[in-house]
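Notes follow once the structure below has been shown.
If you read the sequence from its start, that first residue is 1, and numbering goes on from there. Counting starts at 1 for both ligands and their atoms, in listed order.
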Amino acid sequence: MTERTGRCLCGAVSFKIVAEPLATRVCWCRDCQHLAANGSVNVLVPTDGLTISGALAEYTKTADSGNVVTRQFCPNCGTQLFAKSTARPQLRVVRTGNLDEPSSIQPSMNIWAASAPSWACLDPALERVEQQPLAPKPSPNAGQA
Ligand SMILES: [Zn+2]
Ligand SMILES: [Zn+2]
């Protein structure tokens, strides 16, 4: 299993992922555009496969999907790091820009593509989902929750 590490812009928050991501997606929902000024690339990992050190600030909002999503960020530098949804308490979203090696993951689909701006660059080789995708299939070692 590949271990991945990452940190926020200022380094006050660092994290380690010890589980294989269940999915990696480029999200074009309007909330992600507010956070990233573009689509945001996110990995979904089992909550128990993510170790975080450092204090996080949180902001909770109902997402376009209708799920209540809590986004977690560094209170010092403001970097968006993680998100969790009431619909999937066993999973955590990790923003891939904070990985020490962002190339260690590969997005497989664009989601909420219908909300993407007209100038957005969406890789046509990736699966395109107009809005909320189906939940990822649990890997053989995950999903016991
Ligand atoms: Zn920071
Ligand atoms: Zn989004």
Flag the pair [X] and [Y] as a salt bridge only when some basic side-chain nitrogen lies within less than 4.0 angstrom of an acidic carboxylate oxygen.
{"X": "Asp64", "Y": "Arg30", "value": "no"}
{"X": "Arg4", "Y": "Glu20", "value": "yes"}
{"X": "Arg7", "Y": "Asp100", "value": "yes"}

May I ask you to decide if Ser115's main-chain N or O and Gln33's side chain share a donor-acceptor pair within less than 3.5 Å?
yes
How wide is the angle at the Zn ion (ligand 2) between SG of Cys27 and SG of Cys32, to the nearest 10°?
120°
If I take the Zn ion (ligand 1) as the centre, what angle separates the SG atom of Cys10 from the SG atom of Cys74? Nearest 10 degrees is fine.
110°
Working to 10°, measure the angle at the Zn ion (ligand 1) formed by atom SG of Cys8 and atom SG of Cys77.
110°
